[in-house]
There are 4 protein chains.
Amino acid sequence: MKKRINIAVLGLGRLGYSHTKNLLTEVHGAYLYMVVDPLPGRAKEVAGEFGIEFHSTNIEDALTHPGVDAVVIVTPTSTHAEIIKKAAYYQKHIFVEKPLTLNLEESEKVSVAVKKAGIICQVGFMRRFDPGYVDAKRRIDNGEIGRPLYFKAFTRDPGSPPPEFIKSSGGIFVDCSIHDYDIARYLFNTEITSVAAHGNILKYDFMKEFNDLDHGLTYVEFANGAIGDMEVSRNSPYGYDIRAEVIGTEGALFVGDLREQQVTILNQDGSNFKVFPDFQTRFRVAYIEELKHFIHCIQTGEKPIVDDKDATQDLRVALAATHAYQTGKKVIVEEFAPEKTHL
Amino acid sequence: MKKRINIAVLGLGRLGYSHTKNLLTEVHGAYLYMVVDPLPGRAKEVAGEFGIEFHSTNIEDALTHPGVDAVVIVTPTSTHAEIIKKAAYYQKHIFVEKPLTLNLEESEKVSVAVKKAGIICQVGFMRRFDPGYVDAKRRIDNGEIGRPLYFKAFTRDPGSPPPEFIKSSGGIFVDCSIHDYDIARYLFNTEITSVAAHGNILKYDFMKEFNDLDHGLTYVEFANGAIGDMEVSRNSPYGYDIRAEVIGTEGALFVGDLREQQVTILNQDGSNFKVFPDFQTRFRVAYIEELKHFIHCIQTGEKPIVDDKDATQDLRVALAATHAYQTGKKVIVEEFAPEKTHL
Amino acid sequence: MKKRINIAVLGLGRLGYSHTKNLLTEVHGAYLYMVVDPLPGRAKEVAGEFGIEFHSTNIEDALTHPGVDAVVIVTPTSTHAEIIKKAAYYQKHIFVEKPLTLNLEESEKVSVAVKKAGIICQVGFMRRFDPGYVDAKRRIDNGEIGRPLYFKAFTRDPGSPPPEFIKSSGGIFVDCSIHDYDIARYLFNTEITSVAAHGNILKYDFMKEFNDLDHGLTYVEFANGAIGDMEVSRNSPYGYDIRAEVIGTEGALFVGDLREQQVTILNQDGSNFKVFPDFQTRFRVAYIEELKHFIHCIQTGEKPIVDDKDATQDLRVALAATHAYQTGKKVIVEEFAPEKTHL
Amino acid sequence: MKKRINIAVLGLGRLGYSHTKNLLTEVHGAYLYMVVDPLPGRAKEVAGEFGIEFHSTNIEDALTHPGVDAVVIVTPTSTHAEIIKKAAYYQKHIFVEKPLTLNLEESEKVSVAVKKAGIICQVGFMRRFDPGYVDAKRRIDNGEIGRPLYFKAFTRDPGSPPPEFIKSSGGIFVDCSIHDYDIARYLFNTEITSVAAHGNILKYDFMKEFNDLDHGLTYVEFANGAIGDMEVSRNSPYGYDIRAEVIGTEGALFVGDLREQQVTILNQDGSNFKVFPDFQTRFRVAYIEELKHFIHCIQTGEKPIVDDKDATQDLRVALAATHAYQTGKKVIVEEFAPEKTHL
């Protein structure tokens, strides 16, 4: 049998708690060894709920604990870089939520540390593990649609997070569209070379204060000659809607389903099914599969399909898109000087 | 240009009125010459509304009028046989609503009269003109699903007609399932050789009085070895639902759509479209196409794709199914003695 | 009964021939009086095929004929302005294919002539008559999705027309996206105030020569604060795909269906239906309905729902989009100076 | 943390192997302790593949092993009764594949043994754990469709098992339709009181020899006044198709999806997705969920949602249906004397 991997979850907010449960009940090979949260009592409470052996309010305790093989980092983005560098130092494998950081220079330094340590650093772009995108990736690689020509993405969120989140989110292109930049790069096996971006505030006036917007559009060019567009929205009145349409020379494929409900209800109002309400339900399987993949990579030494290098490049595109939006001009990703962008 | 066909519509109830409008606005080549209804004032009113030249309260007036080329009979079923025989005598082409009659012997006499007169007698099994069934017919004939093995039909009505209608309807197998017997014979190019039938009253207790039921099932065997089943219902809470699933040796085809609404509405209740509320909206196109076909057959001398012979055979199956339901036994259609069945 | 409208069809290419057939067989109230085509023998041939009374190789003959009430102009775009002005002079009602002209100044002069003559001038933006868009319009006006926020359009053509067509087409934004600008203005009851545009040549290298592209994207802002995007493509490998997604404050609606086939075929290859191959099949109903509307407006004096004023404004947006594409900058439609754009 | 449950899998054919893998990788709380198969070398091979501690060719070894908490019985149906009785004697919890037995008397004796031992005996009617049926059950119990009136089921298999399987399968109603009888009883919270059945051999002539058929239909009446029908087929040319349509007084719900493929492919052949090829892929989730439920019931002492009593009643209905088919008469389930039926 494969080696059991002892995990410490760092950060027990909503997503950290969800990762904890998945590790306990869905991911074979993972052993949930420790939970950490700086909020007094939170780690103890969660450890008690699930019978987890160790808990702490101090992340350092997990990083230095000899029994811990790997950490799952679900702390605020601003803390990622520091924690990753320390974890790398202590030779712990790393799963870190996206975004890696909000700063390109910092991201690159993180990569240096990870490389030097020779550890695994997987980043939580869960969309790569969604059954629809997995199927799409396999079929595109198989040549089922010929040479890819156009990538079209929809990312519609049913509402805005609160102002305090928006404030430090990096803006809609960095916080949301980054998923589409990442999956586009993955599906097309190529890099995004230029971006143009548009958008406006349609519903959430408070975003003005943070120089952010609630509905945007990115137009991209790829290194292989393909092009594409990504809509992003915080204004979906019907639920959480993530789809993609990929057009190739020989065929197209449509990815993504709106249906949360397992049955169709028909009554005098018509034929009806419920739409996914949020990313947690939409990507329930993907959140499990990415952790299975992480454990698998640690056990086998395989390279994760999405790592810190990807995350850095995704961030570069997202920052370039933000700059393109702010200046109204097309931005060449390679030439982009991130220090000019106001997040 | 093709000869204009002068039509008299006999019977101006809901369906007669609908045929009138279709003839006036949708069917090229038809000229609505006369409308007749025994109800005092009704024909005059409709003639006035649409500027129709002639009107009468007496069907005889239309049958004997030298300017009338053809009649569309939308009178009560009990009057069909008599009117058809007279129309045949006066050499008027005939479009008659289904059922032809409720009596096999009468149906056969009607056919004799029609044949002798050499006129066209098309019966209103509109389902044969519905784009879905037309497409299915063509594909089955093309061999796209191989040899047909199984015919499955759904006929769900959103509610029961009133007791006075049920009383003289011939029962659910004669009134409703007859459409499925007809379309099955048409799609499979063969005859139904035996029937078994089941059912019950699930909602409309008053039907007990008329020896009728509101939900039934027919199991059929075809001369070519295929089999099938037809559900029929007056209890659909969501609208009017007509579908078929045809299984062949090489493939299957599903016919029929629930969607009345042209768009999909998505909101916090989910993803929604309205379902057809009734047969008029479900078969709007078919009701027009059958009249176009009637005019086309008169103009060209072609034989209609559904005539009095079909209607007689459909009735035979429906009466046999009714008998099978009443006796709980399989009935061989050819051996069936209709006089034993209590309608 | 309503007055019969005598029609002359001018131009008997593929679309002109199709309008001719529709007028003869689907549009009650229209009488096809005359057909005209400069190609020797063409008008005579079509007149013979359908038994049409008059034919000519000279458009003038139709414009001056006292029996003609209205003309349907399906000649090359470059001839539209001249013919319309003459038809207006002779007091003939006008149905003209889109685009009205390729020149804004010319379009405005046409409008002056039409207004002065007091005739009807309907332009062939058939999408306004497609049942899906009709339903969408009604529901948006009813407030079913609240206040409209975002308009997303897909216009995907299965391939490029030949170079000789592209040469004088005005470019992809003027030739294709103009339909989306028109329908967006209609559905949102407001004007497009600014455009940005992107795109590239993905398949048809010959377009370079004409300064055209085969895949484009327009980002638009509306006067009411809404925004939107329109993808346009000549590269669809799967057929003709026209859809729209309209997001409002309370709900969204999705318009447009890919399904040409009336049944679903299931076999060892899976579940399958055919996609519309071209605009003729996709908009078959719309092409009939727009002509019915034209006849109706002539008979009643009602204003058509899409006229020369709309076509002029649509052209202005399309030219602005072309300019935005060429300059890489957002263009304010009202400030746009068309003479600067190179078509 | 919950007690770990030590499992022995008995029988390592295709389904036994699949259960083994699921227990190892998908079912938390289960510990795969032992595998048994009478075929020399098979258990050793599987134990080696997965690093399982114990293996044997003798079922007795598992039943008497003190470390084993529970057994998963995937042996031939004819051996079920004996193994269950012994397992009960040794106080091992039991998960047994359907059908429990092919003999009603035997089934009842099994229940006595299980009851006396006070152990859990869950039967493998996995459909109760399929997300679609789970959702349907919850909604029906919530009253979302009002009072249930009609249950319609489709069970279409893409082909027949080989003659040696058919020979001892109990016939199509016992082998296949039994799933629909079970799920109907579960969804409607009531018993099937009468059955009528029809069918024929459409493709597999060899079935004649075993008095079996490849396409059948059951008509059922329920104790609560509802009725229903179940089609069953070995002749599906397009894959494995399991659906249900449940009609209630206030609404209906449709359960079941054909789509195996996660994306839709569009190309010149149209719009396409693959259909489930077999029950293993169709019910992949259900096969995992039923084992999770089994472990949960052992850990908590809860009663499984489907047990030997259900299986016995399902068998009674299936035998009555077989008898009804053979006699052409409706059979009252309670009055049914199984010894008269020739399997």
Side-chain angles (χ1 to χ4, degrees), chain B residues 1-2 21-32 49-53 130-140 142 144-146 187 243-257 259-274 285 288 292 296, chain C residues 1-2 21-32 49-53 130-140 142 144-146 187 243-257 259-274 285 288 292 296:
Chain B
M1 295 233 267
K2 286 164 186 165
K21 281 210 299 188
N22 283 338
L23 286 162
L24 279 163
T25 61
E26 304 286 347
V27 184
H28 265 267
Y31 182 78
L32 194 43
E49 180 181 353
F50 296 117
I52 298 164
E53 211 166 342
D130 173 70
Y133 288 99
V134 168
D135 198 4
K137 171 69 174 167
R138 190 174 57 78
R139 291 172 188 279
I140 293 169
N142 282 352
E144 291 187 27
I145 61 167
L187 291 180
R243 286 173 290 148
E245 298 185 6
V246 186
I247 304 176
T249 48
E250 309 302 324
L253 55 80
F254 287 10
V255 193
D257 199 354
R259 173 185 291 266
E260 186 198 9
Q261 196 166 302
Q262 301 288 327
V263 301
T264 298
I265 299 281
L266 301 109
N267 54 33
Q268 39 188 9
D269 297 332
S271 173
N272 191 284
F273 64 84
K274 288 264 178 291
V285 171
I288 293 167
K292 286 186 177 173
H296 172 80
Chain C
M1 293 233 267
K2 286 165 188 164
K21 281 211 298 189
N22 283 337
L23 286 163
L24 278 162
T25 61
E26 303 287 348
V27 183
H28 265 267
Y31 182 77
L32 193 43
E49 179 182 354
F50 297 117
I52 298 165
E53 213 165 341
D130 172 71
Y133 289 97
V134 169
D135 199 3
K137 172 69 175 167
R138 190 174 57 78
R139 290 173 189 278
I140 293 168
N142 281 353
E144 291 188 27
I145 60 166
L187 292 180
R243 286 172 289 148
E245 299 184 7
V246 186
I247 304 176
T249 49
E250 310 301 324
L253 54 82
F254 287 10
V255 193
D257 199 354
R259 172 183 291 268
E260 185 198 8
Q261 195 167 300
Q262 300 290 325
V263 302
T264 299
I265 299 281
L266 301 109
N267 54 34
Q268 38 188 11
D269 296 331
S271 173
N272 191 284
F273 62 83
K274 288 263 179 292
V285 171
I288 294 167
K292 286 186 177 173
H296 172 80

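Numbers restart at 1 for each chain; the letters A, B, ... are given by sequence-line order, proteins then strands.
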>> Looking at every non-hydrogen atom in both residues, tell me the closest pair between T264(C) and S271(C) and how far apart they are.
In response: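 So the minimum-distance heavy-atom pair works out to CG2-OG, 3.3 Å.
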>> Looking at every heavy atom in both Y133(B) and V255(B), which two are closest together, and how far apart are they?
In response: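 Looking at all heavy atoms of both residues, the shortest contact is N-CG1, 3.7 Å.
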> Under a 4.5 Å heavy-atom cut-off, does chain B meet the side chain of Q261(C), its backbone, both or neither?
Replying inline: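 Backbone plus side chain of Q261(C), per the 4.5 Å heavy-atom cut-off to chain B.
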> V246(C) versus chain B, heavy atoms under 4.5 Å apart: side chain, backbone, both or neither?
Replying inline: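 Neither part; nothing is under 4.5 Å.
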Counting heavy-atom pairs closer than 4.5 Å to chain C, which one of [options] comes out on top?
| options | answer |
| --- | --- |
| K292(B), R139(B), Q268(B), E144(B) | R139(B) |
| N272(B), T25(B), I247(B) | T25(B) |
| Q262(B), H28(B), E26(B) | H28(B) |
| I265(B), D269(B), N267(B) | I265(B) |

> In terms of heavy-atom proximity below 4.5 Å to chain C, should V27(B) be classed as side chain, backbone, both, or neither?
Replying inline: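 For V27(B), the contact with chain C is made by the backbone alone.
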>> If we define contacts as heavy-atom pairs under 4.5 Å, which of A252(C), G251(C), A136(C), G248(C) has the most with chain B?
In response: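 Maximum pair count with chain B is reached by A252(C).
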> With N22(B), which residues qualify under side chain to side chain donor-acceptor pair (under 3.5 Å), at least two apart?
Replying inline: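 Counting only residues at least two positions away or on another chain, N22(B) forms no side chain to side chain donor-acceptor pair (under 3.5 Å).
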>> Applying side chain to side chain donor-acceptor pair (under 3.5 Å), can you list everything that pairs with D257(B), at least two apart in sequence or on another chain?
In response: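 Applying side chain to side chain donor-acceptor pair (under 3.5 Å) to D257(B) gives none.
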> Quick one: are L24(C) and I52(C) in side-chain contact, heavy atoms under 4.5 Å?
Replying inline: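 Result yes, sub-4.5 Å side-chain heavy-atom pair found.
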> How about E250(C) and I145(C): do any of their side-chain heavy atoms sit closer than 4.5 Å?
Replying inline: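 With C-beta onward as the side chain, the pair stays apart.
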